[in-house]
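In this text, all values refer to a predicted model and were calculated from it rather than measured experimentally. As the structure lists them, so they are numbered: ligands from 1, and atoms in each ligand from 1.
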Amino acid sequence: MSTPLLLTSEQDDVGIVTLNMEHKRNALNEEAIAAIDAYFSAIPSHIRVVLLMAKGEHFCAGLDLKEHHDKERSGVEFMRVCQGWHRAFDKIQHGGIPVVACLQGAVVGGGLELASAAHVRVADSGTFFALPEGTRGIFTGGGATVRTARIISAPRMVEMMLTGRVIDAQEGRQLGLAHYVCDSAKGDTPASELALSLAKKIAGNAALSNYAIVSAINRIADMSATDGLFTEGLVMAMIQQGHDVQQRLGEFVNKRAHKVQLGH
Ligand code: 1HE
């Protein structure tokens, strides 16, 4: 039996998807992209948050350069491959379910494109980010010009790609590529544990609020201010219909809800 490219499991209502191609640093070939697409196309209905992880020392080395080399794809063939990446990663970003990514080692090229589609990124302190496409004679094709450029800004992405600069975890956090950096040598909770606990915490939010947060904010950012404000009002009106809104508000009114405090 062949080894699965993705491992899937569950902890309560958190779905865990693990890239399982450690031998090639989780580089993504066409089959792996299809497997990611398939998972995010059919997330079981009881799953409220997905945790995206990777086996081994590296999160993802990007495009499978060996497959790309061996297939000698034409421009049109490669464009179709890129469209497959776009479809799969769009399901991660816009599938309506929060996705937490746990990063370690190389998060490069298409690996950074994959991470950029997640909503929360937790990085081990040994994580590094790069876009080495220029040195490989190609370009980004998994959404970096849209997602990564929005995170770090287009001019910074241009510089990163031209120079091939490798960004460490701390600088990555300053740029927004990681939201949390865990240094277990300094006694921090390991990245995988923090990522899982954040995923569980997010799963405790109202499901409709989570849906709105991951579905509306990035789309509203594409709109004019007038359209964005109108859409925000519509989304709020829709979310307000959630079955547990009154219960959650009542818990606060009756002093049974947590308070907003630093450290929580
Ligand atoms: C690979 C790949 C890959 C490793 N495709 N096989 N991405 C890159 O340019 C990154 C290329 N990879 C690296 O720079 C390094 O491999 C790493 C920094 C990620 C890891 O280094 P290391 O020392 O741990 O591993 P290694 O010895 O370099 O690699 C181990 C094996 O993984 C080796 O194969 P082996 O048969 O010799 O054991 C490598 O060939 C294999 N491997 N990375 C295929 N990427 C939609 S467009 C997206 C465009 C891009 O993503 S461009 C960026 C591509």
Per-atom contacts of ligand 1 with [X], taking only distances under 4.0 Å to non-hydrogen atoms:
| X | result |
| --- | --- |
| Gly142 | 46 (C) |
| Gly62 | 51 (O) |
| Ala106 | 19 (C) |
| Ala27 | 2 (C), 3 (C), 5 (N), 44 (C), 45 (N) |
| Gly141 | 46 (C), 47 (S) |
| Ile138 | 49 (C), 52 (S) |
| Pro132 | 8 (C), 9 (O), 53 (C) |
| Ala61 | 7 (N), 8 (C), 10 (C), 19 (C), 43 (N), 45 (N), 54 (C) |

Check: Under a heavy-atom criterion of less than 4.0 Å, does His23 contact ligand 1?
Finding: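 Distance cut 4.0 Å: His23 passes for ligand 1.
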Notebook entry, point to check: If you measure from each heavy atom of Glu57 to ligand 1, is any distance below 4.0 Å?
Noted result: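 Contact absent.
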Protein contact for [atom] (heavy atom, distance under 4.0 Å):
| atom | answer |
| --- | --- |
| atom 37 (O) of ligand 1 | no |
| atom 28 (O) of ligand 1 | no |
| atom 42 (N) of ligand 1 | yes |
| atom 20 (C) of ligand 1 | yes |
| atom 15 (C) of ligand 1 | no |
| atom 45 (N) of ligand 1 | yes |
| atom 23 (O) of ligand 1 | no |

Next item on the list: Compute whether any side-chain donor of one residue and acceptor of the other, for Thr145 and Thr140, lie under 3.5 angstrom apart.
Entry: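 No, Thr140 and Thr145 have no side-chain donor paired with an acceptor closer than 3.5 Å.
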Note to self: Quiz question: by atom type and distance under 3.5 Å, do the side chains of Glu193 and Ser197 form a donor-acceptor pair?
What the structure shows: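 Not at all, the side chains of Glu193 and Ser197 share no donor-acceptor pair under 3.5 Å.
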Any idea which heavy atoms bring [X] and [Y] closest together, and the distance?
| X | Y | answer |
| --- | --- | --- |
| Glu57 | Gln104 | O-CG, 3.4 Å |
| Arg48 | Pro98 | O-CD, 3.3 Å |
| Ala130 | Val166 | CB-CG2, 4.1 Å |
| Ala199 | Val49 | O-CG2, 3.5 Å |
| Val108 | Phe129 | CG1-C, 4.5 Å |
| Asp124 | Ala169 | O-CB, 3.8 Å |

Checklist line | Expected output: side-chain Thr18 to main-chain Asn20 donor-acceptor under 3.5 Å | finding: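 No, Thr18 side chain to Asn20 backbone: no donor-acceptor pair under 3.5 Å.
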Note to self: Using only atom types and a distance under 3.5 Å, with no angle test, would you say the side chain of His179 pairs donor to acceptor with the backbone of Val120?
What the structure shows: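 The answer is no, because no donor-acceptor pair under 3.5 Å joins these two groups.
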To check your reading of the model: name the closest protein heavy atom to [atom], its residue, and the distance in Å.
| atom | result |
| --- | --- |
| atom 18 (C) of ligand 1 | Phe128 CZ, 4.1 Å |
| atom 49 (C) of ligand 1 | Glu133 OE2, 3.4 Å |
| atom 9 (O) of ligand 1 | Arg136 NE, 2.6 Å |

Notebook entry, point to check: Where on Glu67 is there a heavy atom closer than 4.0 Å to ligand 1, on the side chain, on the backbone, on both, or on neither?
Noted result: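 Within the 4.0 Å criterion, Glu67 makes no contact with ligand 1.
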Below 3.5 Å, N or O to N or O, backbone or side chain included: is there any such pair between [X] and ligand 1?
| X | value |
| --- | --- |
| Trp85 | no |
| Leu65 | yes |
| Arg25 | yes |
| Cys82 | no |

Notebook entry, point to check: Salt bridge or not for Glu171 and Arg165, using N-O below 4.0 Å?
Noted result: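 Arg165 and Glu171: salt-bridged.
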Notebook entry, point to check: Going by an N to O cut-off under 4.0 Å, is there a salt bridge joining Arg173 and Asp168?
Noted result: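 Looking at Asp168 together with Arg173, the answer is no, because their closest N to O distance does not fall below 4.0 Å.
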Margin query: Does atom CD (Glu232) have a neighbourhood of more than 12 heavy atoms from anything else shown, all under 6.0 Å?
Written below: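 Not buried by this count: 12 neighbours or fewer within 6.0 Å.
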Margin query: I want to confirm something. Looking only at heavy atoms, which of Glu22, His69, Lys24 is nearest to atom 32 (O) of ligand 1?
Written below: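 Comparing heavy atoms across Glu22, His69, Lys24, the nearest one to atom 32 (O) of ligand 1 lies in Lys24.
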Checklist line | Side-chain touch Val50/Val17, heavy atoms, less than 4.5 angstrom | finding: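 Yes. Closest side-chain heavy atoms under 4.5 Å.
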Next item on the list: Check whether the ring centres of Phe252 and His258 lie less than 6.0 Å apart, and answer yes or no.
Entry: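 No, the ring of Phe252 stays outside the 6.0 Å limit from the ring of His258, centre to centre.
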